[in-house]
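Shown next, in structure tokens, is the structure this report addresses.
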Amino acid sequence: MKIASWNVNSIKARMPILRGWLETVQPDVVLLQELKGLEFPAEELRALGYHSAAVTQKSYNGVAVLSKQPLEVVSTTLAGDDEDSHARFLEVLIEDALGAGSGPLRVVCLYVPNGNPVGTEKFEYKLRWTDRLIEQMRLWLAETTPTVIGGDMNVIPTDMDCHKPASWAKDALFQPEVKARYAQMLGMGWMDAFRTLHPDQGGLFTYWDYFRNAFETNRGIRIDHFLLSPALHGRLVGCEIDRAPRMMEKPSDHTPIVMELG
DNA sequence: ATGTCAGTTCCAAACTGA
């Protein structure tokens, strides 16, 4: 089965590209981030063959999961802070996603806070949010349900994941505290699907600034990730970044990452 | 500081967020 993740930077603005991409690529499951509005085109996506669940808010954030098979929403909020109202988290179950009799697959769609600028409340929120996520990831590992976590994690894991480390040194996505938390997730047993299959290939990114011809000159960063629980490590068949949607008219600043599980 | 795009708002130039 094919599962993709894409920060669309407004579902409304990206629907023309998303529609064509779904028809061409035909992923079984799609995780979307940065919907940027209360409206969600569930009926239009249903007509394209996808069930969906979405968590939206006005103007900002917003996450959704699309699935060719029916999905069951488990949670629309990340545990650990009742005051947190951002639409950044969606946990669903998809029955038999890995084939008949395979049981439920847990799919978690994330839009981790950006955290810029460093030294502000926004950065503190990013760290606290990530710590809450790590606690939840610990609980998932203690259960038997195989789990895929995917989304815009807003972390550049290593120097290899950006065109030029020096130019990201002051950015929230590249701070030691942020990279350490991502490394902690890997240390707990979560597998970075893309990096596992491409262990020493630099220059492979999922995001490029809109300005200064960043895409054309490949000055980008790898911040959209898939993490696999141990039960799924042996099922990882492929994981690629699809640059095609970033080359189209009116693109998102992110492009999809597509993973194959067997 | 700059660059660009999307959403929002005293409806349209200026803001916020990324």
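Reminder, nothing fancy here: chain letters follow the sequence lines and each chain counts from 1.
- Classification of A:R128 and A:D84 as a salt-bridged pair fails, no side-chain N sitting under 4.0 Å from a carboxylate O.
- Counting any heavy atom pair closer than 4.0 Å across all strands shown, A:Y111 reaches sugar-phosphate atoms only and no base atom.
- Under 4.0 Å is where a charged nitrogen must lie from a carboxylate oxygen, and between A:D152 and A:R88 no such pair does.
- With both ends at atom P, the span from B:dC5 to B:dC10 equals 25 Å, rounded to whole Å.
- Along DNA chain B, the nucleotide nearest A:D253 and the nucleotide nearest A:D209 are compared for position; the residue whose nucleotide lies closer to the 5' end is A:D209.
- The nearest heavy atom of DNA chain B to A:A13 and to A:G115 marks one nucleotide each, and the one closer to the 5' end goes with A:A13.
- Atom P of B:dA12 sits at a distance of 25 Å from the matching atom of B:dG17, rounded to the whole Å.
- Between the CZ atom in A:R222 and the SG atom in A:C162 there is a gap of 11.0 Å [rounded to 0.5 Å].
- Annotation: ring-ring contact (aromatic ring centres under 6.0 Å, His included) contacts involving residues 64-115 of chain A, sequence neighbours excluded, comprise A:H86-A:Y125.
- The side-chain contact (heavy atoms from CB on, under 4.5 Å) test applied to A:H163 returns A:S167, A:W168, A:F205, A:R219, not counting sequence neighbours.
- Here, B:dA13 and B:dA1 have their P atoms 26 Å apart, quoted to the whole Å.
- To the nearest 0.5 Å, atoms NE2 (A:H254) and CG (A:L32) are separated by 12.5 Å.
- Across all strands, A:R219 comes closer than 4.0 Å to no nucleic acid atom at all (heavy-atom distances).
- Bracketed by its first and final contacts, the part of DNA chain B lying under 4.0 Å from non-hydrogen atoms of chain A reaches from B:dT2 to B:dA18 in 5' to 3' order.
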